[in-house]
Amino acid sequence: MIPSNIEYKPKEIESKWQEKWEKTSIHKAIDFDKKPKYYSLVMFPYPSGDLHMGHMRVYTISDVISRHKRMLGFNVLNPMGFDAFGLPAENAAIERKIPPNEWTKKNIDHMKNKQLKRMGTSYDWDREVVSCNVDYYKWTQWLFLQFYKHNLAYQKDAPVNWCPKCQTVLANEQVEEGKCWRHDDTTVERKMMRQWFLKITRYAEELLRDLEKLSGWPERVKLMQKNWIGKSEGAEIVFGVSAKSDIKIPVYTTRPDTIYGVTFLVLAPEHPLVSELTTNENKEKVQAYIKQTALLSEIERLSESKAKTGVPLGSFAINPFTNQKIPIWISDYALLEYGTGAVMGVPAHDSRDFEFAKKFGVEIKQVISSDGLSRELLKAYIEPGVLMNSDTFNGLHSEDAKRKIIQYGNEKGFSKTRITYRLRDWLISRQRYWGCPIPVIYCDKCGVSPVNENELPVALPESGIEFTGSGGSPLLKSKEWLSVKCPKCNAQARRETDTMDTFICSSYYYLRYSDAKNEKIAFDKEKVNYWLPVDQYVGGVEHAILHLLYSRFFTKALRDSELLNFDEPFTNLLSQGMVTMFSSKEGKIAKMSKSKGNVVGTTEFFDEYGADAARLFILFAAPPEQEIEWSTQGAIGQYRFVERIWRLFFNLKENANLQLFEGFIPVETLHETPLLKDLYRIANYTIKSVSEDISSEKYIFNTAIARMTEMVNAMYRFILNKKTYSDIEIKILSFSFTNLLKLLAPFAPHLAEELWEKSGGAYSIHQQKWPDYDKQALVTDEIDLVIQMGGKKIDVLTTKKGQSQKELEKIALSLEKVKARLDGKELVKVVVVPDKIVNIVVKQ
RNA sequence: GCCGCUGUGGCGAAAUGGCAAACGCAGUUGACUCAAAAUCAGCCGGGAGCAAUCCCUUGUCGGUUCAAGUCCGACCAGCGGCACCA
């Protein structure tokens, strides 16, 4: 039955087509083409060197979408690039003495040519961007200058994580349990340093509000961003200071209704008024506390298990509503960066203040309860309620009181309504070599100057750099590079040695793809407005906040600089789930990663079973948003499916004179041959189902593949024990197989292309039109009618379609089974859903 | 602690409120083979029964409905995010 001379050799077939696709440039995106545009984007990878099956998922999902859209007639932009700056390259330089550039370029070459291409992806490589190339980061620097020009880039002193051994600032992710990730014996310090920031907070409200426009985003991602931005509405209330009438302390609160319950004030230890408010007898204790706080890492400081600490300053504040004197303390639970850096302590109605007051014996004064009566408090009463001990506001409900108290305070001039966001400005300085240099110059006389635009790029020095891993950025030691003339006074000046956070590079790469090779500007306005916004973005949920929020911010800022004309960069977002596998290191199923020792490489699997089988398994295992566990056994199952199609083709070619068949077959001609008619129905049902499942509303590839499997199974069943075929049978089988190949094309692109060619199809199957289904084929005249009694199935019968409720009821009631069960019972009613179900309801 | 998501066969999963378990993995039986592998075909949630057949089953407990895996409420478990944000 199976010709033995034709073996499925995925390795040969796949490389053959990958070369041909590249040579014939069939994946090229054309600017301003007359077809409608479709921008399909996948988050560009960091070139760590070796992709595994875990990485493969995101590229496969995005590729299926791109290929499908091309077949639907879109002008598809599906680009790829590399997020190529970052610490691992520098660490490789330190450990293995390979220059970061060399290491990165080697990895890119491997990933691009040995891995991404071998997956069968359909990128337009002409638009490749590599963020560590000068022709890219020139524009990163240019964009920084635009931000600077619009007062969106600024310097300020801020507390940062500092490793004294590395002599550098660390990102939060590089601090593990309060220790430096490279020196687990070194506690990371909090240090005030002058750093560059981008003013993302200017867009806090718009970033929050426009989440509503993103109907194509997963709710959970929007929710995470909403929480991250953390809008809160409240009031700023200004407290006076006893005996120092010139000093005012503004505090921020969302609970102005508790103002009569304030019994102390807490300032952040770094608060600028601290030294002025510290009395002589408290000086020593206060200074010791500030020093101790500075030594704690942010993680230690914020950890909830930590008991409250603090010291009194010795001064007293005056509550403007009550004129009461209350003590002023400092404690590390007040954060300088949020609100005003000062908190009014209301122990009766805030659990943190309650804990603080209990520990230090501060008065607890209840002003709200459920019924307006006071009682013993075992913990803070934080719910809304009725006011008491609050002067003229007694008896009001707390929500009401909030408004009235603010109104009163506003009139008297000691409060104002205020909105606060949890979002902080974005610290972008990194004391590292392998990043985009911040294009500014320091002059002793003129201070900070931006580099002139026509002097860009500020290129990283490539020679004479030593990577020792100690003593801060290698750029500091590159004397020649450091030295520069001041753009204002032409005096000897020096360059900024910090480089930018790599998230800057990835905040605009999707814009650059629209015009990747432009040497004159970052991107042409017309091109960026033609291609953007991205129609479908695919990436991991780990970027739900960082990258996606930064990119939204960039888009809005660049819109305001009139460089583009849209508000949101990504219309639809798909967050694919992780690929997991058992890790013996962790003793459990964990995310596939090199450090957990649970990776499956791509090369070995591709060599033996092919990329098509791997793609099918990854898509089949679960819907894209869910986590999947890699199973080589399961992937081999998809390899069997591929081989089954392969064998089916040769079987049909040899025995049934298989050929390409476009168009439909009149259903009337099939009335005499029910088996054939059924096969035709299955083929068309498969076209319909796969088209729906693969569509942008759903993206449920697992069920799409299941439908194709069913179709193949049906074809096998049809040809079982069959030796000869009639003309009409050949036609139906040809119709079925031709359409199967087209449906398969986005999922298993090499197999589909190879069999398309072997069927005599013109190159390329990927440039064929996505198939339609024959509606006539799906019309059936029989249905399965389910008979229920009391909601339980008792029978299923095949009957004529389109019968009336009366008729169906009659059929059901005349069944022997029904009669037997009805005996002696009272019939309550019969529910009939035509062509579906009859439910007979009896009493008890 | 707060917010969110998810609980269905041995496993991955499927099911516009209308036949629970499609499709695949593992297992198992048969055909082919001297044999094995591969392949092709069949079986494959649990229980009772020689059998036809019957009963039970979507984390637990309630509710709505003629009908609930699906909708509502409470709880339990697992995962994820945030975590002293005043």
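Computed from a predicted structure; not experimentally measured. Chain naming here is simple, since letters A, B, ... match the order of the sequence lines and numbering starts at 1 in each. The figures here come from the full heavy-atom set of this structure, side chains too, leaving out hydrogens, waters and symmetry mates.
OP1 or OP2 of B:C2 has not a single side-chain nitrogen or oxygen of A:R422 nearer than 4.0 Å. Of the side-chain N and O atoms in A:R644, one or more sit less than 4.0 angstrom from OP1 or OP2 of B:C40. For B:A86, neither phosphate oxygen OP1 nor OP2 lies less than 4.0 angstrom from any side-chain nitrogen or oxygen of A:Y333. Side-chain nitrogen and oxygen atoms of A:N839 include none within less than 4.0 Å of the OP1 or OP2 phosphate oxygen of B:U65. In terms of phosphate contacts, A:Y252 brings no side-chain nitrogen or oxygen within less than 4.0 Å of OP1 or OP2 of B:A86.
Remark: aromatic rings of A:W426 and A:Y550 are close, center separation under 6.0 Å. Aromatic ring centres of A:F701 and A:F620 lie farther apart than the 6.0 Å criterion allows. The ring of A:W329 has its center closer than 6.0 angstrom to the ring center of A:F360. Ring centers of A:F321 and A:F414: under 6.0 Å apart, within the cut-off.
Atom OH in A:Y609 sits 15.0 Å away from atom CG in A:L616 (nearest 0.5 Å). If you take CG on A:D784 and OG1 on A:T799, they are separated by 10.0 Å, rounding to the nearest 0.5 Å.
Here, B:A21 and B:G10 have their C1' atoms 14 Å apart, quoted to the whole Å. Here the separation of B:C66 from B:C61, taken at their C1' atoms, is 24 Å to the nearest Å. Taking atom C1' on both nucleotides, B:G78 is separated from B:G46 by 25 Å, rounded to a whole Å. The same atom, P, is picked in B:A13 and in B:G1; the two are 29 Å apart, to the nearest Å. Spacing between B:A15 and B:C2 at atom C1', rounded to whole Å, works out to 35 Å. To the nearest whole angstrom, the two C1' atoms, one in B:C34 and one in B:A20, are 46 Å apart.
Atom-to-atom, CD1 of A:I382 to C1' of B:G1 comes out at 9 Å; the value is rounded to the nearest Å. The separation between A:E355 atom CD and B:G1 atom P is 14 Å, rounded to whole Å. Rounded to a whole Å, the CZ atom of A:F649 is 20 Å from the P atom of B:U39. Atom NZ of A:K792 and atom C1' of B:C55 are 8 Å apart (whole Å).
Listed by chain and residue number, nothing satisfies the salt bridge (Lys or Arg N to Asp or Glu O under 4.0 Å) test with A:D353 (two or more places apart in sequence, or in another chain).
Salt bridge status for A:K222 with A:E219: present, with a side-chain N to carboxylate O gap under 4.0 Å. Under 4.0 Å is where a charged nitrogen must lie from a carboxylate oxygen, and between A:R403 and A:E399 no such pair does. Taking a cutoff of 4.0 Å between a charged side-chain nitrogen and a carboxylate oxygen, A:K688 and A:E692 qualify as a salt bridge. Ion pairing between a basic and an acidic side chain is recognised when a charged N comes within 4.0 Å of a carboxylate O; A:R640 and A:E643 show no such pairing.
Near-neighbour residues of RNA chain B inside residues 575-583 of chain A, defined by a heavy atom below 4.0 Å, are absent. Across residues 795-805 of chain A, A:V796 each have a non-hydrogen atom less than 4.0 Å from an atom of RNA chain B (numbered order).
Taking syn as a glycosidic angle within 90° of 0, B:G42 does not qualify and is anti.
The side chain of A:A706 approaches B:C23 more closely than any other nucleotide in the set B:A86, B:C23, B:G18. Taking only side-chain atoms of A:K829, from C-beta outward, the nucleotide of B:C66, B:C84, B:G24 with the closest atom is B:C66.
When base pairs are accepted only as Watson-Crick or G-U wobble with both N-N or N-O distances under 3.5 Å, RNA chain B takes part in stems of 3 or more pairs at B:1-7 with B:76-82, B:10-12 with B:23-25, B:27-31 with B:39-43, B:45-48 with B:53-56, B:59-63 with B:71-75.
Using a 4.0 Å heavy-atom criterion, one finds that A:G637 contacts the sugar-phosphate atoms exclusively. Note on A:V786: a base of the nucleic acid sits closer than 4.0 angstrom, heavy atoms only. A:L223 comes within contact range of the sugar-phosphate backbone alone, with a heavy-atom separation under 4.0 Å but no base atom that close. Using a 4.0 Å heavy-atom cutoff across all strands shown, A:T253 reaches sugar-phosphate atoms only and no base atom. Using a 4.0 Å heavy-atom cutoff across all strands shown, A:E710 reaches sugar-phosphate atoms only and no base atom.
The main-chain N or O of A:R255 is found under 3.5 Å from a side-chain atom of A:T258 such that the two form a donor-acceptor pair. For the pair A:D612 (side chain) and A:L751 (backbone), a donor-acceptor distance under 3.5 Å is present.
In plain terms, the two heavy atoms of A:Y716 and A:L648 that are nearest each other are OH-N, 3.6 Å.
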From CA spacing to verdict: side chain to side chain contact (heavy atoms under 4.5 Å, CB included), A:I589, A:M581: CA-CA 5 Å; A:I589 293 168; A:M581 202 167 98; over 6 Å; no
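A:Y639 and A:T632 are not linked by any side-chain donor-acceptor pair at a separation below 3.5 angstrom, with hydrogens and angles left out of the test. Judged purely by distance below 3.5 Å, without hydrogens or angles, the side chains of A:E205 and A:Y421 pair a donor atom with an acceptor atom.
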Tabulate atom names and distances for all N/O pairs under 3.5 angstrom spanning the protein and nucleotides 13-17 of chain B.
| unit_1 | atom_1 | unit_2 | atom_2 | d |
| --- | --- | --- | --- | --- |
| B:A13 | OP1 | A:Q626 | OE1 | 3.1 |
| B:A14 | OP1 | A:N702 | ND2 | 2.9 |
| B:U16 | O4 | A:K836 | NZ | 2.2 |

Would you list the protein and nucleotides 26-28 of chain B atom pairs, both N or O, that sit under 3.5 Å from each other?
| unit_1 | atom_1 | unit_2 | atom_2 | d |
| --- | --- | --- | --- | --- |
| B:A26 | OP1 | A:Q633 | OE1 | 2.7 |
| B:A26 | OP2 | A:R640 | NH2 | 3.0 |

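Between A:P347 and A:K358 the shortest side-chain heavy-atom distance does not fall below 4.5 Å.
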